[in-house]
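Only one structure is covered here, and it is reproduced in the block below.
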Amino acid sequence: MMEKRTPMPVQEAVAAIMEHRIESRMEWTDLQEASGRYLAQDIQADHDVPPFDRSPYDGFAVRAYDTLEASRDNPVSLHIAGDIGAGSVFGGTVEAGEAVRIMTGAPIPDGCDAVVMLELAHDYEKDGHHYIDVKRPFHVNDNISFRGEDTKRGTTVLQRGTVVHPGVTAVLASFGYAEVPTVQKPHIGVIATGSELLDIREPLQQGKIRNSNAYMIMAQIEQAGGEAVSFGTVSDDFDETLSTVQKALHSVDILLTTGGVSVGDYDYIPDILNELGASVHFNKVSMRPGSVTTAASLGPQLIYGLSGNPSACYVGFELFVRPVIQKVLGSPAPHLKKTKAVLGADFPKPNPFMRFVRAELKDENGGWSAYPAGLDKSSSVTSLSDASALIVLPGGTRGYEKGMDVDILLLHSAEGSEWPWDNIVRSYRS
Ligand SMILES: Nc1nc2c(c(=O)[nH]1)N[C@H]1C(S)=C(S)[C@@H](COP(=O)(O)OP(=O)(O)OC[C@H]3O[C@@H](n4cnc5c(N)ncnc54)[C@H](O)[C@@H]3O)O[C@H]1N2
Ligand code: MOO
Ligand SMILES: [Mg+2]
């Protein structure tokens, strides 16, 4: 008699897998290689930014007091005691009646407390000396960029779990991080199972198809921030599959298999998990596609049996594997980004399970409209290339109509959700 599987609700299955702890390791990464990586530590400012009071303009550093009486009719004349560009420091102290020609970024000379822009000063030469006329009063601190006005020493400028994007790179560079403390990418092994699978370089043969899932999953791993390690393809053979799984488990944090996870004659993954003594968190989820998605743990390692059907495999990864990788990386929002959209077309098929419909998004009437993309079968592969979101349709006895409000999960967003599973819209008319 075939084993009976009890489907677990999606939210419960995700919660079960998120409880599993996988160690995060730190490694130093060259700043220029660090884009897209996750910070392993908070970064504290070890100096003020800017580190000194400086001029925000090309102009003249003055003593505000000297200009108090200045007016159009009675300009104040100041002697130019020196000139400095950014990177240079004025050596002495500026005395009463003096000014220093100063360029943007140069430190304010001692004695000065305001800057007059070049455009507002008339400069001239007399007897080999340089002067300016100032025609209005300046106040203490006029046109000064203050030490620490951007960031004070001791501030936490970047938090652990932040993704390094170009703005983060600028902050790291400012504080001298030639090497960045990053979270090591978790190593995720991939095994494709199936005697029907051809390598992508092979011509088609009767009864066979090319192995698209392994490449798809490896790309999903990279997109989620992990390091994909391929362990190739195995035929539908228990011993071959078991030995490849055992070999992979020597070196990976998480192992993903695709195919062979359902109830068929050649579906060996359930038996292999049993043989390994792994504890199975779930082996059926109340969702479509991907109902056969299986997750188990063996000590610290996680093993997923993802469906062989491409769309089911894809969705199983995004819902159950991606957030685990993101959690290892320290992301505060490890799940797919949830947002709202309007259903762009009728979806008449009722289903007791929650559906994840691959969808194209269009920006219409000031919001997103989500249109089901391509063939809505778990075996479909081409619908995946058009999809930028999954429409979340809770299980029920009725279909859905165009114009209903729905929740969607974005597939390629840099942003994520902390926990998208509460308050899923049951769909209603707007
Ligand atoms: N009697 C039942 N049959 C099936 C059930 C069920 O509950 N009772 N579940 C169906 C559902 S739902 C799914 S999903 C599939 C899951 O199948 P498996 O995960 O066991 O995968 P396979 O049987 O190995 O293959 C299924 C399908 O996918 C193709 N495939 C497999 N690997 C790849 C790959 N690497 N790249 C591209 N395509 C792949 C394979 O050729 C098959 O067509 O089971 C249903 N059956
Ligand atoms: O797991 Mo299957 O994809 O539910 O359709
Ligand atoms: Mg099968």
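Each ligand, and each atom within it, is numbered from 1 in the order the structure gives. No hydrogens, no waters, no symmetry mates; every other heavy atom, side chains included, goes into these values.
By the criterion of a heavy-atom distance under 4.0 Å, both the backbone and the side chain of V261 are placed next to ligand 1. When non-hydrogen atoms are compared, ligand 1 lies under 4.0 Å from the side chain of V263 (C-beta onward) but not from its backbone. Contacts between S291 and ligand 1, counted as non-hydrogen atom pairs separated by less than 4.0 Å, involve the side chain only. Using a 4.0 Å cut-off between heavy atoms, R288 contacts ligand 1 through its side chain alone, with no backbone atom that close. At a heavy-atom cutoff of 4.0 Å, ligand 1 is contacted by no atom of V381, backbone or side chain. Proximity of L197 to ligand 1, defined as any heavy-atom pair under 4.0 Å, is confined to the side chain (atoms from C-beta onward).
Ligand 1 has no N or O atom lying under 3.5 Å from any N or O atom of A192, backbone or side chain. Considering backbone and side-chain N/O of S378, one or more are found under 3.5 Å from N/O of ligand 2. Considering backbone and side-chain N/O of S262, one or more are found under 3.5 Å from N/O of ligand 1. Any N or O atom pair closer than 3.5 Å counts here, and V292 shares at least one such pair with ligand 2. An N or O contact shorter than 3.5 Å is missing between A214 and ligand 1 by distance. When only interatomic distances are considered, the shortest N/O to N/O separation between N213 and ligand 1 falls below 3.5 Å.
R25 places no side-chain N or O within donor-acceptor distance of the main-chain N or O of Q184, the cut-off being under 3.5 Å. With D271 contributing its side chain and Y268 its backbone, the two residues share no donor-acceptor pair below 3.5 Å. Listed for the Q220 side chain is a donor-acceptor partner under 3.5 Å among the backbone atoms of Y314. Judged purely by atom type and a 3.5 angstrom limit, D30 has no side-chain atom pairing as donor or acceptor with the backbone of Q32. Counting only distance, with no hydrogens or angles, the side chain of D42 and the backbone of R160 share a donor-acceptor pair below 3.5 Å. Between the T244 side chain and the E240 main chain, a donor and an acceptor come within less than 3.5 Å of each other. A donor-acceptor pair under 3.5 Å links the side-chain atoms of R37 to the main chain of V183, judged by distance alone. Put simply, the side chain of R101 never gets that close to the backbone of I80: no donor and acceptor are under 3.5 Å apart. No side-chain donor-acceptor contact under 3.5 Å links K340 to the backbone of D405.
Of the options T193, D267, T257, the smallest heavy-atom separation from atom 23 (O) of ligand 1 is shown by D267. Compare S307, G290, S286 by their heavy atoms: the one nearest to atom 2 (Mo) of ligand 2 is in G290. The closest heavy-atom contact to atom 21 (O) of ligand 1, among the options G316, G260, P310, G290, comes from G260.
Using a 4.0 Å cut-off to heavy atoms of N211, the atoms of ligand 1 that qualify are 34 (C), 35 (N), 36 (N). Counting atoms of ligand 1 from 1 in the listed order, those under 4.0 Å from a heavy atom of G259 are 19 (O), 21 (O), 24 (O). Atoms of ligand 2 lying under 4.0 Å from any heavy atom of A312, numbered from 1 in the order shown and given with element: 3 (O). Of all atoms in ligand 2, numbered sequentially from 1 with element shown, those under 4.0 Å from a heavy atom of S291 are 1 (O), 2 (Mo), 4 (O). Atoms of ligand 1 lying under 4.0 Å from at least one heavy atom of S212, given by number and element, are 36 (N), 37 (C). Within the listing of ligand 1, atoms 37 (C), 38 (N), 39 (C), 41 (O) sit less than 4.0 angstrom from a heavy atom of I209.
Side-chain contact between F138 and R136 is present, with at least one heavy-atom pair separated by less than 4.5 Å. Inter-residue side-chain proximity for W419 and V14 is flagged as met; some heavy-atom pair is nearer than 4.5 Å.
Between atom CE of residue M218 and atom CG of residue L256 there is a gap of 10.5 Å, rounded to the nearest 0.5 Å.
Not close to ligand 1: S379, with no non-hydrogen atom less than 4.0 angstrom away.
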| request: Evaluate side-chain contact (heavy atoms from CB on, under 4.5 Å) for V49 paired with H47, printing each intermediate quantity in order. | output: CA-CA 7 Å; V49 180; H47 61 72; 3.8 Å; yes
